[in-house]
Amino acid sequence: MNRNTFLMILVGLACLARLLVKTFVPDLILPGLDVAFVCALSLAACLLEAWFSRKESGCPVCDFVYGALAFGVLPLACGWSDPTLAAVLAAVGGVGHLVLSFLFGSLRQRLKPGSLVAPAAAAFLLFLAFQGFTGFIGFYL
C-alpha cells in the first residue's frame, strides 16, 4: 500500500472515531479540524508507508488530489465540517499533504534503509517544524 491509501484509512478512522465519540459522549470537547490535524495524519501516512512499503510512491499530482479528497470530502461526509470549511480543508489538505510528502520523501532517502526509529524521528521533527512554521505565520498575519 502507498501513503495515499494509508492517508484515506487514517482520515476515515479519525472521522469514524469522532462520530462515535460525539454520538455516545456528546458533551465531550474534541479538537477541531485544523492544520495540526492535516499535518499529523499526513505524516502518519508517510510514516506507515516508510514502515510497511519497500519502495516509495512518488506522484505529486496524486498526493495533492488524495490529500484534497481525504481532508475535504471525508470530514464533510461524516458531518464534521460544513461545505465552506470542507473547501478550505481540501485546499489546505492537498497542499499540506503534497509538501509534507515531498519533505518526508527527501528525508527518507537520506536515512538508513532498515531502521524503524529514524523515520519516526524524522516525522516527529517535521511535525514540530510545521507547527513552528504555522505559529510563525499566524503571529505575523
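Everything numeric here is computed off the predicted structure, so don't read it as measured data. Residue indices begin at 1 and follow the sequence shown.
Note: the hydrophobic cluster containing Phe37 also contains Leu13 (ILVMFWY, side chain heavy atoms under 4.5 Å, direct or indirect links). Leu47 and Phe52 fall within the same hydrophobic cluster, defined by Ile, Leu, Val, Met, Phe, Trp and Tyr side-chain heavy atoms under 4.5 Å apart, directly or through other members. Clustering ILVMFWY residues whenever any of their side-chain heavy atoms sit less than 4.5 angstrom apart, transitively, puts Leu7 in the very cluster that holds Trp51. Note on Leu107 and Phe102: same hydrophobic cluster, where clusters join Ile, Leu, Val, Met, Phe, Trp and Tyr whose side-chain heavy atoms are under 4.5 Å apart, directly or indirectly. A continuous path of ILVMFWY side-chain contacts below 4.5 Å connects Leu69 to Val61, so both sit in one hydrophobic cluster.
When the side chain to side chain contact (heavy atoms under 4.5 Å, CB included) test is applied to Leu28, the partners found at least two apart in sequence or on another chain are Val21, Val25, Leu30.
Residue Leu10 comes nearest to Ala44 through the heavy atom pair CD1-CB, 3.6 Å, listed as atom of the first residue, atom of the second, then distance. Residues Tyr66 and Met8 come closest through the heavy atom pair CD2-CE, 3.6 Å. Nearest heavy-atom pair, Pro119 versus Phe104, reported as atom, atom and distance to 0.1 Å: O-CE1, 3.5 Å. Here the closest non-hydrogen pair linking Thr23 and Leu19 is OG1-O, 2.7 Å.
Judged by distance alone, with hydrogens and angles left aside, the side-chain atoms of Ser106 form a donor-acceptor pair with the main-chain N or O of Leu103 at under 3.5 Å.
Expressed to the nearest 0.5 Å, how far CG of Leu48 lies from OG1 of Thr5 amounts to 11.5 Å. Atom SG of Cys15 is separated from atom CG of Leu33 by 7.5 Å, given to the nearest 0.5 angstrom. Once rounded to the nearest 0.5 Å, the distance linking CZ of Phe6 with SG of Cys46 reads 11.0 Å.
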TODO: Kindly indicate, with the supporting measurements, whether the criterion side-chain contact (heavy atoms from CB on, under 4.5 Å) is fulfilled by Asp63 and Cys59.
DONE: CA-CA 6 Å; Asp63 287 339; Cys59 176; 5.8 Å; no
Side-chain donor-acceptor pairs of residues 72-100 under 3.5 Å, sequence neighbours excluded:
from, atom 1, to, atom 2, distance (Å)
Asp82, OD1, Leu85, N, 3.2
His97, ND1, Ser42, OG, 2.7
His97, NE2, Asn4, OD1, 3.1

